[in-house]
Structure formats: structure tokens, C-alpha cells
Amino acid sequence: MSGTNDMTNLLDTDHNIVEVSPHRDEGVLDVYFIHGLGGNFRETWKNENGVVWPESWLKYNHNLNIYLVNYPVPKFIWGLTGKGMGIKAHAGAVVQMMLNKGLGRRDFVLVCHSMGGLLAKEILLECHETDESEHQDILSHAKGVMFIATPHEGSAIANIAALIPACSKEMSELKKNAPDLTRIAGRFQTLAKDKSIKVKSLYETKMTLGVLVVPKTSAASGCQYDRLLGVDADHFSIIKPSNPNELVYETICKFVRDIEPTAMEGVGNAPNHQEEAEPYEEELPFAALLGVMLNSDEDRVNRKEIQKCISKGMPIPTRYFYDTDWCADNWMQFSTLHGNTSELMTILTHDNITNVLTNCFEGGELSFVSIGPGDGRKDYQILDHASALNGRKDVHIRYYPIDISAFLIRGAIRNVTQLCDEHIKVSAGYIYGDISEIVYAKGHLPTGKKIFSMLGNTIGNMMKDGETLRNLGDIMSEGDALLLEVRSLDSKDKFVEASDGGSTNRHLRKASKFSFGPLETLGWEMKLDNFEVKPVTARLPSDVLGTETIMIQYNHDEGGKKMTAKLDRINFYNERNLKDYLDYLGFTTRHYAKTEENLYFLVEK
């Protein structure tokens, strides 16, 4: 009973606690999210927009430390009737994981879905009934538990599922009025009262596949009536709020705030941003990739996900290449294969672009939002040109790079601030997060007209490039402009030929410390001759019609076993189809240019 029904989506088959707070341990309160039966630490909380909301909406608040708890708990184990660890054993494993990681030493709150609430109760009971001082220390810091669709008295649907020969032990334990559930409920109710642990319970009011999985009576057991709240959702959608204004999210925030008022200061629905600062002197947080630091020896989830991508023939997401500064730097060097930046100034001097740049100045101010800024060199060119058009007199440029790599944000801001002279002021904010979640930047950008930049084939490395463009349109205001650079479809064959004859290797040899972070975590030795480029033909490469895709691959031989890692996708666009798609999204094309390799669009909202 969790937010996912697909067992193939499990990213981990072991107990783990993953911190997704990029600031790491600075907060005054820890919040642990615990999934339910058949779920995992990310998919359970992923909403219809593909956003893992505990990670995206809460992790940037420096007063909270956010953790996602994973434990292997399938609904069914085919051919192994009644097998599984059981809730009590899972609780012991999670407690041990907390001890191993030094967790539970700060005040904390548990937010639980479905069976995760039963696990939370067993975790606290495990600590209570163990004489070890470290267990008692964990219990002393437990301040609250929020149960979301938790079957305290079991669920009738589990009685039906228990008839299936492959029903797991955990599923069997959720049967209606099961003795163990009654035992846990009574003991936890006493414990919560004695230790002043706050409790809140939310229950679903809509059926799931014609069944009310957790009825009000089961959700209410052991919870005072005034702490019980019904939600207009089914068993799965109740923990998948689509935006931060929904009841469940607001209730969680209020619950946490009631326990520790300072914990929720600054919580919003978008990554943290800093405005009117001197960011090139400020130490930005290191990038947290999918909630796990790749350079941490303790966390194995990303390595397993990388191995899963390789075994299933799936591309490794580009964001995995930003785990450390030097990896991001090497990825930047490698990615210059994708495009020639020397054409940009020629494009910028066109009258239409000049007029748009000039019109975007309001009162001598220009707000510039760079999506995937790289090292900022292209942004520098654009802003230098724009400020020159304005006469370089009393110009104020507000620069906002958006990226998941703190290293690239730092470099971009540092390069752009070179514009500063006695007449030009550059102040910078930044939005730190995954570009695919750019819709949540709305409301956290400067007011007034803005220029958005998505250069360097940033959009061309995305599987859902059309969806990202649509989300970008949603955060733009009327009068905002977008400068977009993509690969021309006509240049695809030329690119493949150039990559096939050694030019790729000659380029890579210029890198002082060549490596690919994801493959290095697997212990693979990088050999330049093992790279190749392949067309993607298995399925539509893009949600923009007329687009063709190639994939950069790395071939590896491990003990005679041949393995191929797909490293990056490059989309090549048909100019007519892309223009039609931009028109469909409500953009008005102000300028369009085609060079030997690239397409440039300047559009307005």
C-alpha cells in the first residue's frame, strides 16, 4: 500500500536512509519520510509532475534536515508464500541504520504513508524496549509522528490479498484486526502519551480501484479525534500533492511548525534563492543529485541506479555527472563537443535581437535568467552586448543562473561579475535545483521583464524536452524573452562522422583530469578509444516532432563480459517542427537564425 505499484521501480533492495538536504546537518529538526508497502524512498512521494516533493519543496530550507527512508517491502514474493522480514524486523534494521549513520541525535519527526506508519511505531517501540543508551537517546528526540493513510487496525483488502499464494509476510501482517496490529496500537498509544510525542493522522475519503483501502475507523485507532483529518484523495494520491497549496502539504508544514516554530522558516515551493548578494564570495552548497551525494562511500543507491541503467540499456541521467567539482569541470570540457560557441556574437548583432535586448531594460535594469549556464561565458557575451546597447551608464544587471551544480553556478556568477565597472552593477541570485523541475521557480524570480537564456544545447540533452519548454513558458511573464539554441537536424550526420574518426579522442586528451563520475563509481577504467556515437531508433527520441537523437556510449570489458553505458543524448531538431511547437506553447518568434550547426530562436511570451 504505497505510492507505486510497479516493483521494477525499486531503486534499492536494502535498508537505507538518504539525506536530501544539500546543506547537510545545519537544521534544528530532522524529518524522516517513510514509505509504505511496495513503495520506495523516492517513487512513493513523486507527484503527477514527476516531482519528489519532500526533496524539492522542503530540502532547501536550512532549518530542516530531510531524510528519505528506504526498506525492501514487496506486496508479493512470487514462489515464496509468506516470506519477508515482517514489520518488527524492518524496524530493527532501520534503527540499526540510524545508529550506523549517527542519526537520531537531534529532535525529529516521522512522516509516514500507509504501512510506513506501522513501521514508525515499531521503530519507537524498539528503542523504548531496549536498554541500550543509544536507543534511548533516539527515543528522547522523537517529537512527532504524522500518519497518512495508515491502517492501524489493518485493511480488509489485505485479507483478500492474503489468499494469493505469493502474498508476502508484510502484506499478511496488515490483515483486518490482526493481533500484532492491536498490540502495536496499544503500546504505542501509551508510549506517545508518556513521552509527549505529538500525533496527527490523515485518512483518504476516495476509493482506490473500488475499495477504501484505509477507512476512517482504521486510520483513527490510537489517535484522538481532534487529530484526525480526512483528505479528498485515494490511498495513493493522498501523498502526492501536485503543489504546495494542497491540504496534505500544508498540514505537514503546520505539524512541523507546531513542534519547532523556527523549523519552517523560509520553506517554499521552489529551490532556495539569494538576491542582491555578493554570490561570487559566498560558498554555495554542493550539488545533491537525486538526494544522494555520489562521493559518499556510505550511500549505494546511486551506484545501484547507475548499474540498473546500464543493465536495462537506459541512458545514465546527465545530472549524475555533477557529483564533484572536477567531474562537472570535465563534463563541461567534454560537452563542448556538442556545439560551437563562436557563432553567438554574430547572431546577437541582428536588429531584432538588439531591439528585444534594449526593450527588456526597465529603468536601467536588466533581469537575466540563465538555464543551465555552464561556465557563464555565453551569458557574459549576451550581457556585455546588452549593456553596451544601453550605453553602459548606470546599468544594473540582475543575473539568475539555474543549475543542479553549485560548481557551475559559482563559475557562471564569477564570470558574469567581470562586467562590473563604475557604471555597471551586477547583482546575482541563483536557483539551485534540477532544470526538469523549473516550474517550481515561479514566484522566486525578479519582477518585471526578463530575458531567459537556454543555450549550449541544454534542452537537447533532455528526454522530455518539450515538457521542459512548456514548464519554462509557465514561469515566464508577458513580455519576457527567451533565447534558445539547439542543434540543427542537418548537422547530425556531420557530427556523427566527426565523432567517429578520432576527433572526440583528440578533444578529450585536452582534459587535464578526464573522468566520468558515474562510471568511476563503478570502478571502470576510462579508455578514450571505447567511446562511440549511436543513433537512437528504438523509440521517439523527443516529445517535439521531427527530432532525431544520437547517444554517446562507452563500451566496457569486465572479465570478458561486455557492457555498454549510454552516457548522454543529443537531440537534433527540425527547424519547422520546433518553430511550430514554440508557437503551440504560446511563444511569438521575434528572430530565427540557422547556422552551419545550430538553430537560434528568440521568442517572446
Quick one: does any side-chain atom of [X] pair with a main-chain N or O of [Y] as donor and acceptor, under 3.5 Å?
X      : Y      : answer
Gln136 : His128 : yes
Asp480 : Lys450 : yes
Thr205 : Val231 : yes
Asn47  : Pro241 : yes
His15  : Ala91  : no
Lys240 : Lys46  : yes
Thr150 : Ser114 : yes
Glu204 : Gly230 : no
Ser237 : Ala233 : no
His35  : Tyr71  : yes

Return the minimal non-hydrogen interatomic distance between [X] and [Y], and the atom names on each side.
X      : Y      : result
Ser201 : Ala219 : OG-O, 2.9 Å
Met97  : Asn16  : CE-CA, 4.1 Å
Leu139 : Leu124 : CD1-O, 3.9 Å
Glu250 : Pro244 : CG-O, 3.6 Å

Is there side-chain contact between [X] and [Y], with heavy atoms separated by less than 4.5 Å?
X      : Y      : result
Ile148 : Ile238 : yes
Ile475 : Phe452 : yes
Trp45  : Glu55  : no
Met462 : Ile435 : yes

Pair Arg187 + Glu129, salt bridge at N-O below 4.0 Å: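 Salt bridge between Arg187 and Glu129, a charged N being under 4.0 Å from a carboxylate O: yes.
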Lys254/Asp258 salt bridge by N-O under 4.0 Å criterion: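 Here Asp258 pairs with Lys254 in a salt bridge, since their nearest N and O are under 4.0 Å apart.
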Side-chain H-bond candidate by donor/acceptor type, Asn65 with Asp30, under 3.5 Å: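 Yes, a side-chain donor-acceptor pair sits under 3.5 Å.
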